[in-house]
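Structure first, then comments.
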Amino acid sequence: EDEEVLHREGPMRLIHKANERRRRSEMKDLFDKMKSVLGYDEEYKMSKYAVLKETVEEIGNLLEEEHELMVQKHQERQTFEQFAEKMSKITGQEMEDILKTYWTAD
């Protein structure tokens, strides 16, 4: 039967079909992984459009959160530098030494 299919469709067509089957399988695995990252069970039925849409929204949310955290870190760094400056005046220790000793968030 394999020889009949090979004769009817030709070797290049069979290779193309096998490659396409593999590509579809890999795409399904990737969509299942995206659903899992989004918190859905692999068996939960979702269209590819819905998976992509939610993934893009989640990436946007994560980028926004990253920006907010960077702003917060910058504000905390400024506050710490003010305290380090006061500490430097009180102790006579160099401000850079205080920063190196106590600020490890970089």
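Just so you know, these numbers use all the heavy atoms, side chains as well, and skip hydrogens, waters and symmetry mates.
The NE2 atom of H74 sits 9.5 Å away from the OG1 atom of T79 when rounded to the nearest 0.5 Å. Taking CD of E43 as the reference point, atom CG of D32 lies at 7.5 Å (rounded to 0.5 Å). Remark: L99 CG to E85 CD distance equals 10.0 Å, nearest 0.5 Å. With rounding to the nearest 0.5 angstrom, the CE atom of M12 is 9.0 Å from the CG atom of N19. We find the CD-NZ distance between Q78 and K73 to be 13.0 Å, quoted to the nearest 0.5 Å.
For the pair K48 and F31, the cation-pi test (distance below 6.0 Å, angle within 45°) is passed.
In E81, the CD atom is crowded: over 12 heavy atoms of neighbouring residues, nucleotides or ligands sit closer than 6.0 Å.
Listed by chain and number, the hydrophobic cluster partners of V56 come to none, as no ILVMFWY side chain reaches under 4.5 Å of it.
In this structure, the side chains of R22 and E26 come closer than 4.5 Å at one or more pairs of heavy atoms. In this structure, E65 and N61 have side chains that are not in contact, with every pair of non-hydrogen atoms separated by 4.5 Å or more. Two residues are said to be in side-chain contact when any heavy atoms from C-beta on lie closer than 4.5 Å; W103 and I98 fail this criterion. In this structure, E58 and L63 have side chains that are not in contact, with every pair of non-hydrogen atoms separated by 4.5 Å or more.
Residues M95 and S88 approach most closely at N-OG, 3.7 Å, considering heavy atoms. The two residues D97 and Q93 make their nearest non-hydrogen contact at CB-NE2, 4.1 Å. The nearest pair of heavy atoms linking M34 to V51 is CB-CG1, 3.7 Å.
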Audit row: D29, K33, salt bridge (charged side-chain N to carboxylate O under 4.0 Å, His left out) steps and yes/no
CA-CA 6 Å; D29 291 345; K33 285 179 185 177; over 6 Å; no
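When the side chains of ILVMFWY residues are joined at heavy-atom separations under 4.5 Å, either directly or via intervening members, M27 and Y44 end up in a single hydrophobic cluster. At a threshold of 4.5 Å between side-chain heavy atoms, the hydrophobic network of Ile, Leu, Val, Met, Phe, Trp and Tyr places L38 and L52 in one connected group. Follow the hydrophobic side-chain contacts under 4.5 Å out from F83 and you never reach Y102; the two are in separate clusters.
Not a single side chain to side chain contact (heavy atoms under 4.5 Å, CB included) links S36 to another residue, sequence neighbours left out.
Side-chain contact, E68 with Q72: no donor N or O sits under 3.5 Å from an acceptor N or O. Side-chain N/O atoms of H16 and E20 include no donor and acceptor closer than 3.5 Å.
In terms of modelled atom types and a separation under 3.5 Å, the side chain of T91 and the main chain of M87 share a donor-acceptor contact.
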